[in-house]
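Before any comments, here is the structure.
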Amino acid sequence: MSDTYTAYLIGNDRTENIELEFINGLPQKSFVRPVEGDPSDELEEVVWELVPDSEDFTYRVAGVPGADYS
């Protein structure tokens with residue numbers, strides 16, 4: 001069994017594939033990743049969250065780390 005898997009990141013402007021590591025044999029539920037693109041953009045990192053019941057390891061943007069959405 002491989003220690004990594006291909007994750008599909010579905011963003012607002014594009015789709016990207018990256019390799020992630022399994023944790024105890026399971027896909028990561030979420031992870032933080034730096035934003036690529038315009039360096040003048042104030043948004044530096046975003047949280048990616050695994051889409052529930054995704055069979056192909058699809059992730060969507062879930063927000064900004066440490067943000068209060070209440």
Side-chain angles (χ1 to χ4, degrees):
M1 182 174 175
S2 176
D3 292 338
T4 64
Y5 62 98
T6 300
Y8 302 94
L9 308 182
I10 309 298
N12 293 335
D13 56 348
R14 64 183 173 150
T15 301
E16 183 180 356
N17 301 344
I18 63 168
E19 290 295 311
L20 292 176
E21 292 185 18
F22 284 107
I23 298 177
N24 295 325
L26 298 172
Q28 298 180 35
K29 291 183 180 183
S30 64
F31 62 93
V32 176
R33 185 166 186 246
V35 174
E36 296 177 7
D38 187 354
S40 67
D41 190 354
E42 292 182 23
L43 186 63
E44 295 179 8
E45 295 180 325
V46 293
V47 176
W48 291 88
E49 188 172 77
L50 182 63
V51 174
D53 301 323
S54 171
E55 294 181 12
D56 62 354
F57 306 118
T58 299
Y59 288 78
R60 295 202 186 273
V61 174
V64 178
D68 183 6
Y69 292 103
S70 60

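A donor-acceptor pair under 3.5 Å is formed between the side chain of Q28 and the backbone N or O of E21.
Residues E45 and V35 are not in side-chain contact: their nearest non-hydrogen atoms beyond the backbone lie 4.5 Å or more apart. Side-chain contact check for I10 versus Y59: every heavy-atom pair is 4.5 Å or farther apart. W48 has its side chain out of reach of L20: every pair of non-hydrogen atoms, C-beta onward, lies at least 4.5 Å apart.
Shortest non-hydrogen contact noted between P65 and V47 is N-CG2, 3.8 Å. In this structure, F22 and P27 approach most closely via the heavy-atom pair CD2-N, 3.6 Å.
There is no path of hydrophobic side-chain contacts, each under 4.5 Å, that joins F31 to V51.
Here the CZ-CD1 distance, from R33 to I18, works out to 4.5 Å after rounding to the nearest 0.5 Å. The distance from the CG atom of L50 to the OH atom of Y8 is 13.0 Å, given to the nearest 0.5 Å. Between T58 atom OG1 and N17 atom CG the span is 9.5 Å, to the nearest 0.5 Å.
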